[in-house]
Amino acid sequence: MSQSSQPVPSSPPPGPAETRIGRRFAELRRANELGLVAYVTAGDPSLAATREIVLAAAAAGADVIELGVPFSDPIADGPVIQRASERALRAGASLASTLALIADLRRSTEVPLVVFSYFNPILQMGLEDFARRAAQAGADGVLATDLTPEEAAEYRSALRARHLDTIFLAAPTTPDDRLARITGASTGFLYLISRTGVTGQRDRLPDDLGALASRVRRATPLPLAVGFGLSQPEHLRALVGRVDAAVVGSALVREIEQASSPAEAARAVAARVRSLKDAGRER
Amino acid sequence: MSAIAQKFPDARGRYGPYGGRYVPETLMAPIEELECGFAAARADAEFARSLDDLLRHFAGRPTPLQFAARLTAHLGGPRIYLKREDLLHTGAHKINNCLGQGLLAQRMGKSRVIAETGAGQHGVATATVAARLGLACVVYMGREDMERQRLNVFRMRLLGADVVAVDSGSRTLKDAINEAMRDWVTNVRDTHYLLGSVLGPHPYPLMVREFHKVIGEEARAQILRAEGRLPDLLVACVGGGSNSIGLFHAFLADPGVRMLGVEAGGRGHALGEHAVRLAAAAGYGGARPGVLHGTYTYVLQTPEGQIATTHSVSAGLDYPAVGPEHAWLAEEGRAEYTAVDDDAAVDAARSLARIEGIVPALESAHALAELIRRAPAMPREQVVILNVSGRGDKDMEILSRYL
């Protein structure tokens with residue numbers, strides 16, 4: 001990319017023990033408990049609704065919240081999150097308003113917050129501006145769906161300078177040499193995609209997920225969160241002790257889509273989070 | 001300047017700052033596999049022989065470079081030659097790339113190809129090649145484009161392809177690409193994504209250029225035979241930019257050959273009304289460098305980075321981004337880019353039909369319209385090559401509305 005990186009004078013980046021994400025995963029490991037990473041699209045169906053939904057999810061026990069920035073062309077998402085993205089865009093949501101929402105949420109909760117975005121909105125804001133604004137808002141980490149470490153040098157240095165975790169994805173198709181590059185670029189946690197495909201609920205976990213999780217486990221001490229297709233308590237039960245957290249997105253977004261009001265959406269999401277979280281405590 | 005041809009892209013698929021590879025992690029391994037597969041095929045004489053045989057005996061290469069005597073006389077300017085890609089099997093240049101990628105998919109052991117299509121020409125060419133090579137084929141097409149191009153939908157189905165309607169987003173080409181990428185990310189192991197333009201993550205812009213550069217290589221030899229010298233100007237339309245790159249590439253190292261890419265001016269200058277990414281000087285708004293469909297290039301978008309919708313009378317130019325190599329050629333000043341609106345393109349199609357007996361595709365008609373505008377002021381001793389990238393059979397319904 002052609003933008004020049006202005007070095008930001010700052011203290012050295014904090015270790016995992018000093019970040020919200022790092023502390024939360026350390027607590028989960030101590031408690032021997034599966035974490036729950038809850039994804040919702042910011043602005044679906046409105047930013048005010050998302051605020052209530054996030055606070056309800058956090059109160060119900062979600063360990064990390066991913067706030068999806070709506071994008072016009074979400075190539076990695078299935079129909080449920082595509083529709084959420086369209087609703088949020090119609091409601092006027094953007095990367096800037098997602099960051100404003102995070103600033104607002106930060107006044108009420110200490111739950112770790114991750115910005116989950118396609119790369120172009122971040123690029124258009126400018127990497128330095130984005131990192132500064134995200135950090136000021138109180139975001140803890142950033143995940144860019146269509147950005148791999150090969151293209152992420154300036155992005156990583158901009159985020160690191162602001163003490164934001166850079167979360168990258170690993171996939172079932174990722175060979176070991178790439179896996180090393182990805183874990184080397186990741187901080188906070190590693191997002192492991194459970195299967196080839198787009199986001200969306202599936203009935204069962206892929207048969208090879210256990211082997212995949214073990215392979216990635218051997219490659220890194222980073223906390224490991226598994227996502228794509230997880231929706232049921234039994235999915236989470238099967239992951240306890242094998243990975244650090246499960247990411248649930250489409251199942252929560254569907255609750256929001258089917259709710260008749262924002263208040264009902266917040267209640268339904270909280271109930272889902274509670275039952276999933278309970279499953280993650282069973283051994 | 002002439003070093004452009006040899007230098008780009010670099011090992012990371014960059015044309016200056018443009019290009020690269022921005023995809024979900026799941027696609028990185030198959031894209032690296034494709035890069036290796038393409039490099040191996042390029043070095044394989046047997047692959048080149050198979051492709052050349054199909055291009056000659058199945059697709060109809062070489063295509064003629066025709067001196068357009070009546071058009072030249074009519075405009076009173078330079079000597080105009082038409083590169084007749086419209087005469088190829090399936091009716092457009094798209095078959096060059098489909099044969100190359102189809103053979104490559106087969107060589108890599110993929111049993112299934114998927115493609116996106118806007119006007120339907122790339123879909124028809126992919127379906128044709130899949131039938132010829134015995135590959136399963138799924139084509140994604142926006143619901144709106146399916147209605148605009150019903151005959152091509154029928155042709156693809158006749159050829160055995162599964163045509164899937166895309167109802168998301170704006171229901172046009174960009175959404176068809178989204179859906180093809182979602183299919184690919186799901187079926188990476190047995191599927192090759194046969195992308196139809198010089199777009200997408202590296203190595204697609206390079207690979208698609210390599211399969212189309214035969215257009216310019218033929219034209220260069222043909223014009224040297226006909227005129228004993230190189231042309232002064234090349235003119236071609238630019239949607240994603242495959243036919244224009246195909247024509248331009250063989251001339252990049254010839255400093256005396258100017259290049260002109262013509263984009264779709266649509267029906268207005270406001271964002272959403274046109275598909276002008278590079279000819280911003282003409283007053284069209286909304287294009288800035290950004291990332292879409294795996295590549296960093298000029299993209300029509302909102303200030304927040306949401307991809308804009310576009311409009312053009314020709315579905316093949318109706319796309320918000322442009323191939324990264326064009327972005328670089330524009331920035332370096334090696335090629336010039338301009339825009340022509342819907343009405344001028346339709347008028348140009350009618351002129352070529354009546355003056356030369358050739359009904360061009362509405363895409364190619366954009367290039368022609370710009371040449372018609374410029375030719376009268378150009379010296380008569382100059383020589384111009386215009387790429388007639390496709391024929392207008394598919395556009396009869398639209399053209400009939402203007403008659």
Side-chain angles (χ1 to χ4, degrees), chain A residues 1-3 69-79 82-83 85-86 89 92-98 117-126 130 144-152 168-175 177-179 181-182 191-200 228, chain B residues 11-14 16-33 166-170 174-175 177-191 200-202 288-296 299-309 320-321 331:
Chain A
M1 208 90 349
S2 55
Q3 300 95 330
V69 176
F71 185 52
S72 53
D73 296 78
I75 58 165
D77 285 301
Q82 287 176 44
R83 288 198 300 270
S85 212
E86 287 175 15
L89 288 174
S94 64
L95 177 57
S97 64
T98 302
S117 181
Y118 287 84
F119 188 45
N120 196 52
I122 293 175
L123 193 58
Q124 297 311 315
M125 185 173 278
F130 165 71
T145 321
D146 51 352
L147 187 68
T148 59
E150 285 85 346
E151 301 285 5
F168 286 91
L169 299 127
T173 50
T174 305
D177 57 331
R178 286 193 52 75
L179 191 54
R181 199 176 304 156
I182 291 165
Y191 188 133
L192 176 60
I193 298 171
S194 70
R195 67 189 81 221
T196 58
V198 293
T199 58
F228 278 44
Chain B
R12 296 176 61 235
R14 293 278 176 180
Y18 304 109
R21 189 179 275 168
Y22 297 87
V23 293
E25 173 59 28
T26 306
L27 290 180
M28 285 300 285
I31 284 173
E32 285 177 353
E33 180 194 350
V166 176
D167 280 313
S168 56
S170 59
K174 91 177 164 72
D175 309 284
I177 296 180
N178 293 343
E179 211 52 43
M181 292 186 91
R182 290 180 188 121
D183 178 317
W184 196 25
V185 87
T186 308
N187 302 295
V188 285
R189 293 182 171 102
D190 70 346
T191 296
H202 178 63
R288 287 193 315 285
V291 168
L292 179 65
H293 295 144
T295 191
Y296 178 68
V299 181
L300 286 161
Q301 54 186 314
T302 68
E304 291 82 31
Q306 305 295 339
I307 309 307
T309 55
E331 187 163 306

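Per chain, numbering begins at 1; letters A, B, ... match sequence-line order.
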Which region of [X], side chain (C-beta onward) or backbone (N, CA, C, O), has a non-hydrogen atom less than 4.5 Å from a non-hydrogen atom of chain A, or is it both or neither?
X        : answer
B/Val188 : side chain
B/Pro201 : neither
B/Leu292 : side chain

Relative to chain B, which segment of [X] carries a heavy atom at a distance below 4.5 Å: side chain, backbone, both, or neither?
X        : result
A/Ala152 : neither
A/Leu95  : neither
A/Pro70  : backbone
A/Ile182 : side chain

Tell me whether [X] contacts the main-chain N or O of [Y] through its side chain, where contact means a donor paired with an acceptor under 3.5 Å.
X        : Y        : result
A/Asn120 : B/Val291 : yes
B/Arg12  : A/Glu150 : yes
A/Thr173 : B/Ala29  : no

Which pair of heavy atoms, one from [X] and one from [Y], lies closest together, and at what distance?
X        : Y        : value
B/Thr26  : A/Ala171 : OG1-CB, 3.4 Å
A/Glu151 : B/Arg21  : OE2-N, 2.8 Å
B/Asn178 : A/Asp73  : ND2-OD2, 2.9 Å

Without hydrogens or angle criteria, can the side chains of A/Gln124 and B/Glu304 be said to hold a donor-acceptor pair below 3.5 Å?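 No, no side-chain donor-acceptor pair sits under 3.5 Å.
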What option among A/Gln82, A/Glu86, A/Arg83, A/Arg178 has the most heavy-atom pairs under 4.5 Å with chain B?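 Option with the top pair count is A/Arg178.
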Apply side-chain contact (heavy atoms from CB on, under 4.5 Å) to residues A/Val198 and B/Val185 and explain how you reach the verdict. CA-CA 7 Å; A/Val198 293; B/Val185 87; 3.8 Å; yes
Going by heavy atoms in the side chains, are B/Tyr22 and A/Thr148 under 4.5 Å from each other?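 With C-beta onward as the side chain, the pair stays apart.
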